[in-house]
**Student:** 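Just dropping this structure here.
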Amino acid sequence: MSVDRRLAQAAQELRGIQDALDPTRRLGQLHRRARRQAARTAALAIVALVLVAAAWLGVVRGHRAGTVSVPAGPSPQRPVQGSLGRVTASIPVCASPAGVEAGGGSLWVACPEQGVVVRVDAASGRVRARIAVGGAPGGLGVGAGVVWVALQDRDVLVRIDPASDRVTARFPGPAYGSAVDFGMFHEFVKVPHRIGVTAQALWVPDVPAGTIVRIDPLTGARVAVVRLPAPATPAPGHLPLAVLVGDGIWASDVRSGLAFRIDPATNRVVARRLIIVPDGLTALGEDADWAQNGPDDGWLLRRVDLGSGHTVASLPVGRRVGGVAQAGGAIWLTVTDQGVLLRVDP
Amino acid sequence: MGGHRARAGSAAGRPAGPRPIHAVEPFDEFYLREYPATVTLAWALSGSRWVAEELAQEAFLAAWRQWPRIGGYEQPAAWVRRVVANLATSTIRRRLAEARAVVRMTAGRPVAMPEPSAATAEVWRAVRALPRRQAQVLTLHYLLGCSVGEIAAILDRSERTVKLHLHNGRVGVGRRLGLELEDLA
C-alpha cells in the first residue's frame with residue numbers, strides 16, 4: 001500500500017471519531033474560563049493603577065522635601081530595572097532556527113529545516129559557516145574543543161571540528177523524537193535539548209526513554225544508561241531535556257522539576273535539587289534557568305532563579321524562542337518564527 | 001448572523017490579514033462548527049485526545065479575545081488552525097495543556113470516546129516523528145484536506161516550501177512505516 005493511501009485512511013478514521021466530540025459542553029466551559037480571565041485582568045489593572053498612583057505620590061512628596069531625585073525614564077540605551085537588557089544585534093541565520101550553544105568564540109545554531117548548523121562569530125556577529133550535517137540538527141553541545149549535534153530525524157550524533165567547520169565523526173545516538181507513551185498520555189517530544197560534553201564522555205538526554213545516555217566521544221560506544229530516580233510524587237515519567245557540565249554533571253528533568261547530579265565514576269545519580277521551572281525552555285542554563293510565556297503574554301523570555309523559581313529579569317521577545325545561550329557577557333537567543341539570532345546585552 | 005462563512009477544511013487567504021473584510025460571524029456559531037476539526041488536528045499532532053481538547057480550547061480562547069478583528073477575516077478558521085498547529089508542536093504549551101487535562105479528568109465526567117485503531121495510531125505516530133513543519137503540513141493536507149496554497153497561507157510559508165515539506169514528509173513516513181521505496185511514488 002502506498003504512503004498516500006495509508007495517510008488517507010488514517011485521516012479518514014480520525015475524522016470519523018471527531019463526530020463523538022461535544023462542542024456544546026466545551027463552549028460553556030470556554031465562556032466560563034473567559035469570564036474568569038476577564039475578572040483577573042480587571043483586578044490586575046486596578047492593582048496597577050493603585051501602584052502607579054502610589055509611585056506618583058511618592059515622587060511628588062520627594063520633590064517637595066527636596067530629597068528624592070527623579071530617575072531618568074527607560075530608554076533604548078539604558079536597560080530598565082528587571083530587564084534582561086537590550087537587543088544589540090539581530091542576525092539572520094535560517095528559517096525556524098532551534099537550539100543555540102556558545103563555544104570557541106562562536107555561536108552554533110541548529111537549523112533543522114535546512115539540515116545545517118550555522119556558525120556565527122560572537123565578536124562580529126557575522127555568519128562564518130553553514131555546516132551541512134546530513135540530517136535535521138536538534139540538540140547541541142559544546143566542549144573539549146568540538147561541537148556535538150544530535151540529529152532529530154536520524155537518531156545520530158555528529159561531531160563538528162571548529163578548526164575546519166566540517167563533520168569529522170558520526171555515531172548512532174539515542175532516539176530523538178519518537179512518540180513517548182506515558183500510559184494515559186502520548187506525548188511527542190522534539191525540542192532542542194542540550195548535550196553535556198567533556199573530554200571523556202558525552203551525556204545525551206534520551207527524552208523518550210527518560211534517561212541520560214553516556215557515550216564514548218572517541219568510539220561512539222554506549223558506555224552507560226543513567227536512570228533517573230523515580231519522582232516522589234506520582235508523575236507520568238521523566239522528561240530530561242538538558243545536561244550541563246560545570247559544577248558536576250547535572251541533568252534536568254522538567255517534568256518533576258528536579259535536577260540530578262551524575263557521578264561520572266559510577267554513572268549513577270548521587271544528588272538532586274529542586275529547580276522550579278514553570279514552563280522550561282532548555283531547562284538548565286549557565287547560571288539560571290530560562291522560561292518563556294506566550295502567546296497570551298506576547299512571548300516573554302524570563303530568567304528564572306533556580307532556587308526560588310522567581311523571575312529575576314525578563315525581555316519581551318514577541319515571538320517564540322528556540323534556544324538560549326550565554327557568551328562573552330551577552331545573552332544569545334534564537335527567535336523561531338523570525339529566523340534570527342538575537343544578541344542581548346545587559 | 002453575518003454573511004461570512006468559513007468552511008471546515010478550507011483556509012484560503014491569509015489567516016491573519018491586516019483588516020477585517022467581512023461581517024463578523026457570531027463566535028458561538030463559529031466555535032460549534034470548527035471545534036471538532038480543530039480538535040482532530042491537535043489530536044493528530046499531539047497524540048492525545050485530552051491534550052488536543054485543551055489545545056483547541058486555548059486556540060479558540062485566543063480567538064474569542066480578539067473576535068471582532070479575527071472574526072472579520074476571510075478565513076478565521078485558518079487563524080485558529082495555525083495557532084493550534086503551533087501549540088500542538090510546542091512541548092511547553094502541550095505540557096501546560098496536559099496539566100489542565102489532568103485537572104479536567106480528575107474533576108470527573110470524562111466522556112468516553114472511541115480510540116483510533118492500532119494501524120491508524122501507528123501512522124500518526126510516524127507523522128509526529130517528523131520534523132515539526134513536515135508534520136504540520138502532512139496533517140493539514142491529509143486530515144483537513146487543505147491544498148498547498150491553503151497550507152502556505154495557514155503556516156505563512158511559500159508554496160514551494162510547503163511542497164518540499166509534503167514530499168519530505170511522505171518519504172519520512174514511508175521510511176518509518178517500512179514501506180518500500182517504490183511505494184513512495
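A note on names: the letters A, B, ... follow the listed sequences, proteins ahead of strands, and every chain is numbered from 1.
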**Student:** Before you tell me yes or no, could you show the steps for B:E53 and A:L21 under side-chain contact (heavy atoms from CB on, under 4.5 Å), namely the whole-Å CA-CA distance, both residues' side-chain angles and the distance that decides it to 0.1 Å?
**Tutor:** CA-CA 9 Å; B:E53 287 196 69; A:L21 292 164; 4.2 Å; yes
**Student:** Return the minimal non-hydrogen interatomic distance between B:Y142 and A:A8, and the atom names on each side.
**Tutor:** CD2-N, 4.0 Å
**Student:** Could you look at B:A126 and say if it's the side chain, the backbone, both or neither that has a heavy atom under 4.5 Å from chain A?
**Tutor:** neither
**Student:** Is chain A contacted by the side chain of B:E122, its backbone, both, or neither, given a heavy-atom distance below 4.5 Å?
**Tutor:** side chain
**Student:** Looking at chain B, which one of A:E113, A:R5, A:E13, A:R15 has the largest number of heavy-atom pairs inside 4.5 Å, strictly under?
**Tutor:** A:E13
**Student:** Which distance, rounded to the nearest 0.5 Å, do you find between the OG of A:S2 and the CZ of B:R170?
**Tutor:** 9.5 Å
**Student:** Is the count of non-hydrogen atoms from other residues, nucleotides or ligands lying under 6.0 Å from A:Q12 atom CD greater than 12?
**Tutor:** no
**Student:** Is B:Q134 close to A:P112 at the side-chain level, that is, under 4.5 Å between some pair of heavy atoms?
**Tutor:** no
**Student:** Hey, what do you get for CG (A:L27) to CZ (B:F27), rounding to the nearest 0.5 Å?
**Tutor:** 7.0 Å
**Student:** Report which part of B:T139 has an atom under 4.5 Å of a heavy atom belonging to chain A: side chain, backbone, both, or neither.
**Tutor:** neither
**Student:** Indicate the atoms forming the closest heavy-atom contact of B:P116 with A:L14, along with that distance.
**Tutor:** CG-CD1, 3.9 Å
**Student:** Over all heavy atoms of both residues, which pair between B:G174 and A:V3 is shortest? Give the atoms and the distance, please.
**Tutor:** CA-CG2, 3.5 Å
**Student:** In Å, rounded to the nearest 0.5 Å, how long is the span from CD of A:Q29 to CD of B:Q57?
**Tutor:** 6.5 Å
**Student:** Answer yes or no: is there a side-chain heavy-atom contact under 4.5 Å between A:I17 and B:W43?
**Tutor:** yes
**Student:** Using non-hydrogen atoms and a 4.5 Å limit, figure out which bit of B:H165 sits close to chain A: side chain, backbone, both or neither.
**Tutor:** side chain
**Student:** Working to the nearest 0.5 Å, report the span between CZ of B:F60 and CZ of A:R26.
**Tutor:** 11.0 Å
**Student:** What distance separates B:W124 CH2 from A:L7 CG, expressed to the nearest 0.5 Å?
**Tutor:** 6.5 Å
**Student:** Set out, in order, the CA-CA distance, both residues' side-chain angles and the distance that settles side-chain contact (heavy atoms from CB on, under 4.5 Å) for A:H31 and B:D28, then state yes or no.
**Tutor:** CA-CA 10 Å; A:H31 281 307; B:D28 288 5; 2.9 Å; yes
**Student:** Can you tell which part of B:L164 gets under 4.5 Å to a heavy atom of chain A, answering side chain, backbone, both or neither?
**Tutor:** neither
**Student:** Select one option (side chain, backbone, both, neither) describing which atoms of B:L143 are under 4.5 Å from chain A's heavy atoms.
**Tutor:** both
**Student:** Is a side-chain donor-acceptor pair under 3.5 Å present for A:R6 with B:T120?
**Tutor:** no
